[in-house]
S.K.: 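Sending over a structure as structure tokens; questions will come in a sec.
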Amino acid sequence: MRTRTCARTPELTELGLGTAQLGNLTRTTSDADALGAVDAAWESGVRYFDTAPHYGLGLSERRLGAALAQRPRAEYTVSTKVGRLLVPSPHTAHLADDGGFAVPAAFRRSWDFSRDGILRSLEGSLARLGLDHVDVVYLHDPDDHWLQASTTGVDTLVELRDQGVVKAVGAGMNQAGMLAEFVRRCDVDIVMVAGRHTLLDGSAQDELLPLAQERGVGVVAAAVYNSGLLSARRPPVDATYDYQPASSDLIGRALAIADVCERHASSLPEAAIAYPLRHPQVTSVVLGARDAGQSRTNAARLAAGVPDALWDELARLGLLPDGSATQPAGCRP
């Protein structure tokens, strides 16, 4: 599998494995399926794995660490996140987690972008992963915590980077605007933007991508299916968009893109994966998988590629967020 890097980022495979599902996102994933998802991703050439304490209150990190335990450490890249500190909560352990994961509420998430909170969070992540270091650390969803995250949060991560504890630091969010501010104002190397650089949402192109390109900051694109609408060859009427029922207008646009894909012997999910990678500042597309089959499907969709004529037709019909069939210059594979 091809890799990409920018001036300030480690080398990442064009496809990364997102591991929220390994934390029982919305429903239970078995240990065997979780292991199968990682093994199949590895066999497909994936060497970038993203996780977070938030995912299943640490379950994702524990499962990912176990699955990678016998792999040569120098051959893969791991990113995790800080900002949601896991605090033991034995009095709620008999209840179900209310954060979207099918796990017991044995911990509570505490927002904390202080130096102490970040160091404690990373220490916990390393213990769960069974690693002596991670490669990339993101500030996780600091939407309501800009002041602390952009000062003590970034400063602490930069300190860790300068000490050689981590290779790259940044932020991961579901919005592009604040990520652009991190790139503009802070010493970050890489950002993860979820759902805002897709076939249906081009808001990352307003400021984030141009700023990242100007400053040599890598961009990882996540949630490129916008939570489901772009994940099927023909979107169903009950498709979701950003975890809410998709509007008829969005479904109609997705169907129009699907029609063009079919005319070029491609598919909507294949185009959804290929589109973010057309911008050379994007160093990886991170896709989740719940089992081996989904990991193999993700890799096959990336490998399928998309012909230039498809982008030409989408641009001509006004179906590309950036309105362009060509890609800008910048970081390259």
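Numbers here simply count residues along the sequence, with the first being 1.
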S.K.: Considering only residues two or more places apart or on different chains, which pairs with a residue in residues 285-299 satisfy salt bridge (Lys or Arg N to Asp or Glu O under 4.0 Å)?
M.R.: none

S.K.: Is there side-chain contact between Leu68 and Val78, with at least one heavy-atom pair below 4.5 Å?
M.R.: yes

S.K.: What distance separates Thr156 OG1 from Ile118 CD1, expressed to the nearest 0.5 Å?
M.R.: 4.5 Å

S.K.: Once ring-ring contact (aromatic ring centres under 6.0 Å, His included) is applied, do any residues pair with His54, and if so which ones, sequence neighbours excluded?
M.R.: Phe101, His140

S.K.: Just checking, is any N or O donor in the side chain of Asp112 or Ser114 under 3.5 Å from an acceptor N or O on the other one?
M.R.: yes

S.K.: Sorted by first residue and then second, give each salt bridge (Lys or Arg N to Asp or Glu O under 4.0 Å) pair with at least one member in residues 239-255; sequence neighbours left out.
M.R.: Arg196-Asp242

S.K.: Any salt bridge between Arg108 and Asp98, counting N to O under 4.0 Å?
M.R.: no

S.K.: Is Lys81 salt-bridged to Asp141, going by a charged N under 4.0 Å from an acidic O?
M.R.: no

S.K.: Among all residues two or more places apart in sequence or in another chain, which pass the ring-ring contact (aromatic ring centres under 6.0 Å, His included) test with Phe113?
M.R.: His145

S.K.: Could you pull out all residues at least two apart from Phe182 that satisfy ring-ring contact (aromatic ring centres under 6.0 Å, His included)?
M.R.: Trp146

S.K.: Tell me whether Arg301 is salt-bridged to Glu270, with the criterion being a basic N under 4.0 Å from an acidic carboxylate O.
M.R.: no

S.K.: Mind listing the closest non-hydrogen atom pair of Ser150 and Cys186 along with its distance?
M.R.: O-SG, 3.8 Å

S.K.: What's the separation between atom CD in Glu159 and atom CZ in Arg115, rounded to the nearest 0.5 Å?
M.R.: 4.0 Å

S.K.: Salt bridge or not between Arg109 and Asp97? Use side-chain N to carboxylate O under 4.0 Å.
M.R.: yes

S.K.: Is Arg161 salt-bridged to Asp189, going by a charged N under 4.0 Å from an acidic O?
M.R.: yes

S.K.: Not counting sequence neighbours, which residues clear side chain to side chain contact (heavy atoms under 4.5 Å, CB included) with Gln70? List them please.
M.R.: none

S.K.: Would Arg47 and Glu11 pass as an ion pair if we require N to O under 4.0 Å?
M.R.: no

S.K.: Sequence neighbours left out, what pairs pass salt bridge (Lys or Arg N to Asp or Glu O under 4.0 Å) with at least one residue falling in residues 210-225?
M.R.: none

S.K.: Under the side chain to side chain contact (heavy atoms under 4.5 Å, CB included) rule, collect the residues that match up with Val165, sequence neighbours excluded.
M.R.: Leu160, Gln163

S.K.: Can Arg234 and Glu262 be counted as an ion pair, charged N to O under 4.0 angstrom?
M.R.: yes

S.K.: Thr80: what forms a side-chain hydrogen bond (donor to acceptor under 3.5 Å, both in side chains) with it, not counting sequence neighbours?
M.R.: Glu61

S.K.: Do Asp201 and Ser203 meet the criterion of a side-chain donor-acceptor pair at a distance under 3.5 Å?
M.R.: yes

S.K.: Tell me who clusters with Tyr138, hydrophobic residues only, linked when side chains sit under 4.5 Å apart either directly or through other members.
M.R.: Leu12, Tyr48, Val136, Ile190, Met192, Val220, Val286

S.K.: In terms of side-chain heavy atoms, does Thr51 have a donor or acceptor partner in Ser60 at a distance below 3.5 Å?
M.R.: yes

S.K.: By side chain to side chain contact (heavy atoms under 4.5 Å, CB included), which residues pair with Leu317, not counting sequence neighbours?
M.R.: Val260, Arg263, Glu313, Leu319

S.K.: Just jot down the side chain to side chain contact (heavy atoms under 4.5 Å, CB included) partners of Gln205, sequence neighbours excluded, or say none.
M.R.: His197, Leu209, Tyr275, Pro321, Asp322

